[in-house]
Amino acid sequence: MLTEESFFQAVYTVTRAIPYGRVTTYGAIARCMGSPGASRMVGWALNNCHTLDDFIPAHRVVNRHGLLTGKHHFRHSGLMQELLESEDIKVINDCVVDFEERFWDPCSNLI
DNA sequence: CAGTTGACACCGT
DNA sequence: AACGGTGCCAACT
C-alpha cells in the first residue's frame, strides 16, 4: 500500500478505502502517509480526483472541524451533503454531526 | 529550474 | 471562544 505510489496516488487509494458511513480528515490521510504537514496536498489531490475516471468518495473527506469545505468542488453544490446523508451521515450547516464518532482513521484500518 | 498553487492544520491575538 | 495569519509538503506550469 502507498509504497511505490506517489502521495498523490496514495490519497486516492486511502480515500477509496473509506468504508460506507465513515468519514476522515485531510490531516489523518496525510499523517497516514507519513507527512503530517501535507494536509494541503490531500486537498489538492482530491481536486484532481474528478479528472480521473474512477469514482473517489471525496464527500467522506472533510477538514478537522468536520466541515464540508470541498462541497463547492462537486458537480453540484449540495451533492456532497446528499451523498453523506445517503450514508446515514447527518450533515447540518455543511458540518458532519457526530464527526468524531464517524471519524475513520485510514492508517488504523488500512495497514 | 524556480515560482505558484491547494477542498488544510496549528498558533497567536 | 472565535477569527485571522502563518507554515507545511508535493505537484503543476
Side-chain angles (χ1 to χ4, degrees):
Chain A
M1 279 305 256
L2 49 89
T3 52
E4 304 171 3
E5 299 176 308
S6 305
F7 272 66
F8 189 100
Q9 294 294 334
V11 174
Y12 299 134
T13 303
V14 173
T15 305
R16 281 185 299 182
I18 301 174
Y20 179 93
R22 293 290 180 180
V23 295
T24 190
T25 67
Y26 301 90
I29 296 173
R31 188 177 296 253
C32 176
M33 306 172 136
S35 297
S39 53
R40 308 188 76 185
M41 253 291 300
V42 177
W44 176 79
L46 292 178
N47 185 14
N48 286 341
C49 78
H50 60 81
T51 64
L52 304 176
D53 292 335
D54 294 341
F55 171 71
I56 308 293
H59 58 276
R60 294 176 186 159
V61 182
V62 296
N63 64 358
R64 79 172 191 87
H65 299 293
L67 190 67
L68 309 185
T69 53
K71 75 167 187 179
H72 200 58
H73 287 260
F74 280 75
R75 292 198 259 264
H76 298 294
S77 298
L79 176 62
M80 186 172 185
Q81 181 172 338
E82 292 285 336
L83 292 170
L84 289 172
E85 290 181 345
S86 296
E87 300 187 0
D88 194 43
I89 299 175
K90 309 294 190 304
V91 179
I92 299 176
N93 196 11
D94 299 342
C95 198
V96 176
V97 180
D98 296 332
F99 166 68
E100 294 182 0
E101 295 181 11
R102 296 290 188 175
F103 178 76
W104 177 79
D105 188 346
C107 216
S108 301
N109 294 272
L110 202 58
I111 299 295

Can a donor-acceptor pair be found, under 3.5 Å and without considering hydrogens, that links the side chain of Arg102(A) to the backbone of Gly21(A)?
yes
Would you say the side-chain atoms of Asn63(A) pair up with the backbone N or O of His65(A), donor to acceptor, closer than 3.5 Å?
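Confirmed, Asn63(A) side chain pairs with His65(A) backbone.
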Minimum side-chain heavy-atom gap Ile56(A)-Arg16(A) below 4.5 Å:
yes
Indicate for each nucleotide in nucleotides 8-13 of chain B, in 5' to 3' sequence, whether protein heavy atoms under 4.0 Å reach the base (B), only the sugar-phosphate (S), or nothing (-).
BSS---
Show every donor-acceptor pair shorter than 3.5 Å between a side-chain atom in residues 23-40 of chain A and any protein atom, with sequence neighbours excluded, or say none if there are none.
{"from": "Thr24(A)", "atom 1": "OG1", "to": "Trp104(A)", "atom 2": "O", "distance (Å)": "3.1"}
{"from": "Thr25(A)", "atom 1": "OG1", "to": "Ala28(A)", "atom 2": "N", "distance (Å)": "3.1"}

If you compare all heavy atoms of Glu101(A) against all heavy atoms of Arg22(A), which two are closest, and at what distance to 0.1 Å?
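Heavy-atom minimum between the residues: O-NH1, 2.8 Å.
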Taking all atoms of both residues into account, what is the closest heavy-atom pair of His72(A) and Ser77(A), and its distance?
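Residues His72(A) and Ser77(A), closest heavy atoms: ND1-OG, 3.5 Å.
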Grab the N/O contacts between the protein and nucleotides 10-13 of chain C below 3.5 Å, and write none if there aren't any.
none

Any base atoms under 4.0 Å from Ala58(A), or only sugar-phosphate, or nothing? Heavy atoms, all strands.
base
Do the side-chain N and O atoms of His59(A) and Glu87(A) include a donor-acceptor pair separated by under 3.5 angstrom?
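Yes, Glu87(A) and His59(A) have a side-chain donor paired with an acceptor closer than 3.5 Å.
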Is there a chain of hydrophobic side chains (I, L, V, M, F, W, Y, each step under 4.5 Å between heavy atoms) that links Val62(A) to Leu67(A)?
no
